[in-house]
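What you see is a predicted model, and the numbers here were worked out from it, not measured in a lab. Numbering of ligands and ligand atoms starts at 1, following listing order.
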Amino acid sequence: MALVLHSAVNKNTYKAQIAAEYVGGVEIKLVDNFQMGVSNKTPEFLKMNPIGKVPVLETSEGTIFESNAIARYVARGSSLFGSSAIEYGQIEQWIDFSSFELDANIGGWAYPRLGFRTYIKPAEENYIAGLKRGLAALNTYLASRTFLVGDAVTLADIIVTCNMLLGFKLVMTKSFTSEFPHVERYFWTMVNQPNFSKIVGEVKQTEAVPPLSSAKKPEAKPKEEPKKEVKKEEALKPKPEAAEEEEAPKPKAKNPLDLLPPSKMVLDDWKRLYSNTKSNFREVAIKGFWDMYDPEGYSLWFCNYKYNDENTVSFVTMNKVGGFLQRMDLARKYAFGKMLIIGNEPPYKVKGLWLFRGSEIPKFVMDECYDMELFEWTKVDLSDEAQKERVNQMIEDQEPFEGEALLDAKCFK
Ligand SMILES: N[C@@H](CCC(=O)N[C@@H](CS)C(=O)NCC(=O)O)C(=O)O
């Protein structure tokens, strides 16, 4: 019998669902027509979980509640528990850490703002302070590591990442998480692993903390009641839901790059030339590039990944670069890039070349694509022939590159 999860999908079901992807051969079905607040309050459900919370796992041997326990059951006997007693202990350590130091604080911050709990300002401040303390500790630990325990994904990575997912999606904006760059890198590396992304899909970091308008406020004292006559008309007007308020279309500001003086270089022409050149690449594409290049309207940049020592697993490194290019989608109209993953064996080096509209790296790219700060950026000096030759080699994926084989070359166009 397949395992059956009683719940709608959420970060707590993801824990078991992702674990099942890693274990392989485990089928988890979500129960049909689950209705939150109804299905989990029936006598049958309360027999499986007397507190009436989801998820609950139904197996041929019995039922289990608590999402971490369910994930442990799915992962039992697999390498997700590491390869030694100490690794097992450390995996459990991080699972508990994330439940108490991350999950509880993220929930304490997010749920009142979404209207699921009463909002109390000092309580929120405590949750945020607790969360920052937990993230700072995790950040220090991850400074020199790709995974929490050992050299591969374990149940600790699955549960810690799922517990942070709600935070990244709901309350932890880029300006909040940028204090914890190793946590950011770790989180995006994890959610872009194929076994994660198959379950959680594309993850977008929230751009704003939900406004208090959607939060449940503590009961107002009678003397604070608004003056009835003045507010009557207002009160009769239908109030937009918090979500609607947030989603109300804002006038779209023009990208400052669209206001730059016109350039003789048409980015799409270059991208077409690059894609369509199948032979004599040097003579056709590279020569064409320099013929059309406009140093007034565009700039060229080398980038160098700052944490190459962490690139110990080839597919993780390739996924990391793939994720970066996906997140650069916002710059498609204004950029072209080549990313090389270099070396025959780990640690792999990640280096790139980018062409951006304008004389600097566009500010919106720096602000909105968190990966940018994981690289050192150096403007190409066009008066230096050696640098121009390096540009050529990167555009044409020349191998060997700087004396080493290429593991992969990816193009952003
Ligand atoms: N520690 C539990 C938390 C479960 C939980 O809070 N579930 C929420 C939905 S995400 C729920 O069922 N709430 C309904 C309720 O409180 O009645 C777990 O990890 O499974």
Is a donor from one side chain sitting under 3.5 angstrom from an acceptor on the other, for Tyr186 and Asp157? yes

Would you call the rings of His6 and Phe45 parallel, tilted or perpendicular if under 30° counts as parallel and over 60° as perpendicular? perpendicular

When only distance counts, is Lys41 in polar contact with ligand 1, meaning an N/O pair under 3.5 Å? yes

Closest non-hydrogen protein atom to atom 4 (C) of ligand 1, residue and atom name please, with distance? Val54 O, 3.2 Å

Write out the residue and atom name of the closest protein heavy atom to atom 20 (O) of ligand 1, then the distance separating them to 0.1 Å. Ser67 N, 2.8 Å

If we number the atoms of ligand 1 from 1 as shown, the ones under 4.0 Å from a heavy atom of Met36 are 9 (C), 11 (C), 12 (O), 13 (N), 14 (C)

With a cut-off of 4.0 Å, which atoms of ligand 1 are near a heavy atom of Pro55? 20 (O)

Of the options Tyr274, Phe356, Phe412, Tyr298, which is the one that meets Phe336 in a ring pair (Phe, Tyr, Trp, His ring centres under 6.0 Å)? Tyr274

Presence of salt bridge, Glu404 and Lys349, under 4.0 angstrom: yes

Heavy-atom pairs closer than 4.0 Å: do any link ligand 1 to the side chain of Asn12, the backbone, both, or neither? side chain

Asn12 and Lys15 side chains, donor-acceptor separation under 3.5 Å: yes

May I ask you to say whether Lys174 pairs ionically with Asp367, meaning some side-chain N is under 4.0 Å from a carboxylate O? no

Ligand 1-proximal atoms of Asn10, by part, heavy-atom distance under 4.0 Å: side chain

Test of understanding: given a 4.0 Å heavy-atom threshold, classify the contact between Lys11 and ligand 1 as side chain, backbone, both, or neither. neither

heavy-atom search around atom 1 (N) of ligand 1 in the protein gives Glu66 OE1, 2.7 Å

Between Thr177 and Gln205, a side-chain donor and acceptor under 3.5 Å: yes

Residue, atom name and distance, where the atom is the protein heavy atom closest to atom 6 (O) of ligand 1: Lys53 CD, 3.7 Å

Considering both backbone and side-chain atoms of Tyr111, is one of its nitrogen or oxygen atoms within less than 3.5 Å of a nitrogen or oxygen in ligand 1? no

What I want to check is whether the side chains of Tyr73 and Glu61 have a donor and an acceptor closer together than 3.5 Å. yes

